[in-house]
Amino acid sequence: MEALECIKTRRSVRKFTDQPVTREELEQVVAAAAYAPSWKNTQVARYIVVTDKEKKQRLADDCMMDFAFNQKTASGAPATVVLTMITGRSGYERDGSFSTSQGTHWQSFDAGVAAQTFCLAAHALGLGTVIMGVFDEDKVKQVVTIPEGQKVAALIAIGHPAEEPMCPKRKDVETLLTLD
């Protein structure tokens, strides 16, 4: 799949088939996501894939802050990815000072770039994904072991799509682009 086609056809998928995502598919997606750019090549994104039905259900039931839309999506997905980011690296100098006026924001920026790269790679392999941001990090940590020095950036449902969502209306270039 060509890059522009992949970008234009990737959708947030919220309904999945029962077909599991294989380890090989996950390894291919993460291997491609490893090429996401990051602050000074710090590569702070990490992917914890939850396939255990009980843990997935606990993530859906207990960690989505009673947001029914995400609870339904997560419980129906063959896997939920807990995207974490290593803290204290992105946006920092080796002495611990910030290199940017954005402070800790830059680690979230890098995690977002990594999440989109992960989702585009999954789409290129025929998998569907949706990034979910409504979650309680402390409750996620009660279900999934998060390594010390890492913070949960997002949850991503992944699986084989059961539907092909329509493309929502996009803003036109005149609205999005300003030349100065």
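Treat the numbers as computed from the prediction; the structure is a model and nothing was measured. Computed over heavy atoms, backbone and side chain alike; hydrogens, waters and symmetry mates excluded.
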Trainee: How far apart are the closest heavy atoms of Val29 and Leu127, and which atoms are they?
Mentor: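 Here Val29 and Leu127 meet closest at CG2-CD1, 4.1 Å.
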Trainee: With Ile48 as reference, evaluate Thr80, Thr145, Val81, Val144 under the side chain to side chain contact (heavy atoms under 4.5 Å, CB included) test and give the passing residue.
Mentor: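 Per the side chain to side chain contact (heavy atoms under 4.5 Å, CB included) rule, the option paired with Ile48 is Val144, out of Thr80, Thr145, Val81, Val144.
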Trainee: Minimum heavy-atom separation for Leu83 to Ala111, with atom names?
Mentor: CD2-O, 3.6 Å
Trainee: Look at Glu54 together with Arg58 and state whether they make a salt bridge at an N to O cut-off of under 4.0 Å.
Mentor: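 Salt bridge flag = no for Arg58 with Glu54.
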Trainee: Are Ile86 and Arg46 close enough, and set up right, to give a side-chain contact (heavy atoms from CB on, under 4.5 Å), and what steps lead you there?
Mentor: CA-CA 8 Å; Ile86 297 173; Arg46 300 294 184 269; 3.1 Å; yes
Trainee: Given the rule that I, L, V, M, F, W and Y join up when any side-chain heavy atoms are under 4.5 Å apart, are Ile156 and Phe16 in one cluster?
Mentor: no
Trainee: Do Phe109 and Val44 land in one hydrophobic cluster if side-chain heavy atoms of ILVMFWY residues count as linked below 4.5 Å?
Mentor: no
Trainee: Which atom names give the shortest non-hydrogen contact between Pro165 and Arg11, and what distance separates them?
Mentor: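 So the minimum-distance heavy-atom pair works out to O-CG, 3.6 Å.
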Trainee: Take atom CD of Glu93 as the centre, draw a 6.0 Å sphere, and report whether it contains more than 12 heavy atoms from other residues, nucleotides or ligands.
Mentor: yes
Trainee: Could you tell me how the ring of Trp106 sits relative to the ring of Trp39: parallel (under 30°), tilted (30 to 60°) or perpendicular (over 60°)?
Mentor: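 Plane angle over 60°, so perpendicular.
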Trainee: Please answer: with hydrophobic residues joined when any side-chain heavy atoms are less than 4.5 Å apart, are Val140 and Phe118 in the same cluster?
Mentor: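 Unlinked, Val140 and Phe118 end up in two clusters.
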Trainee: For a side-chain contact (heavy atoms from CB on, under 4.5 Å) check, start with the C-alpha distance between Ile158 and Thr129, then their side-chain angles and the critical distance, and finish with the verdict.
Mentor: CA-CA 5 Å; Ile158 185 169; Thr129 56; 3.8 Å; yes
Trainee: Could you give the distance from NE2 (His105) to OG (Ser90), rounded to the nearest 0.5 Å?
Mentor: 9.5 Å
Trainee: To the nearest 0.5 Å, how far apart are OG1 in Thr42 and CZ in Arg89?
Mentor: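 Thr42 OG1 to Arg89 CZ: 8.0 Å, rounded to 0.5 Å.
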Trainee: One pair to check against side-chain contact (heavy atoms from CB on, under 4.5 Å): Cys119 and Arg10. What are the steps and the verdict?
Mentor: CA-CA 8 Å; Cys119 292; Arg10 188 239 164 233; 3.4 Å; yes
Trainee: Using a 4.5 Å cut-off on heavy atoms from C-beta on, say whether the side chain of Thr51 contacts that of Pro20.
Mentor: no
Trainee: Check this for me: Phe98, atom CZ, are more than 12 non-hydrogen atoms of other residues, nucleotides or ligands nearer than 6.0 Å?
Mentor: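 Counting other residues, nucleotides and ligands, CZ of Phe98 exceeds 12 neighbours.
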Trainee: Looking at every non-hydrogen atom in both residues, tell me the closest pair between Thr104 and Gln107 and how far apart they are.
Mentor: O-CG, 3.1 Å
Trainee: With hydrophobic residues grouped by side-chain heavy-atom distances under 4.5 Å, do Leu179 and Val173 end up in a single group?
Mentor: yes
Trainee: Measuring from Thr9:OG1 to His123:NE2, what's the distance to the nearest 0.5 Å?
Mentor: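 The distance works out to 2.5 Å.
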Trainee: Heavy-atom count around Lys72 NZ within 6.0 Å, excluding the residue itself: above 12?
Mentor: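 Count not over threshold, so no.
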Trainee: Check Leu125 against Gln28 and note the closest heavy-atom contact, atom names and distance.
Mentor: CD1-CB, 3.6 Å
Trainee: Does atom CD of Glu164 have more than 12 heavy-atom neighbours, drawn from other residues, nucleotides or ligands, at distances under 6.0 Å?
Mentor: no
Trainee: For Thr87 and Gly149, indicate whether the former's side chain and the latter's backbone hold a donor-acceptor pair under 3.5 Å.
Mentor: yes
Trainee: Judged by modelled atom types alone, do Thr175 and Asp172 share a side-chain donor-acceptor pair under 3.5 Å?
Mentor: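 Present: a donor and an acceptor within the cut-off.
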Trainee: Quick check for you: to the nearest 0.5 Å, what is the distance between Met64 atom CE and Ser75 atom OG?
Mentor: 8.5 Å
Trainee: Heavy atoms, side chains only, cut-off 4.5 Å: are Arg170 and Pro168 in contact?
Mentor: yes
Trainee: I'd like to know if Glu2 and Lys8 make a salt bridge, using a cut-off of under 4.0 Å between side-chain N and carboxylate O.
Mentor: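 The answer is no: the pair does not qualify as a salt bridge.
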Trainee: State yes or no: do Leu120 and Ile131 share one hydrophobic cluster built from I, L, V, M, F, W and Y residues joined by side-chain heavy-atom distances below 4.5 Å, directly or via other members?
Mentor: no
Trainee: Would you name the heavy atoms of Ala114 and Ala33 that are closest together and state the gap between them?
Mentor: O-CB, 4.4 Å
Trainee: Which residue is it: Asn70, Leu155, Asp66? I am looking for the one with a side chain to side chain contact (heavy atoms under 4.5 Å, CB included) to Val134.
Mentor: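 Of the listed residues Asn70, Leu155, Asp66, the side chain to side chain contact (heavy atoms under 4.5 Å, CB included) partner of Val134 is Asn70.
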Trainee: Can you tell me how far CG of Asp110 sits from CE of Met85, rounded to the nearest 0.5 angstrom?
Mentor: 10.0 Å
Trainee: Working to the nearest 0.5 Å, report the span between OG1 of Thr22 and CD of Glu27.
Mentor: 8.5 Å
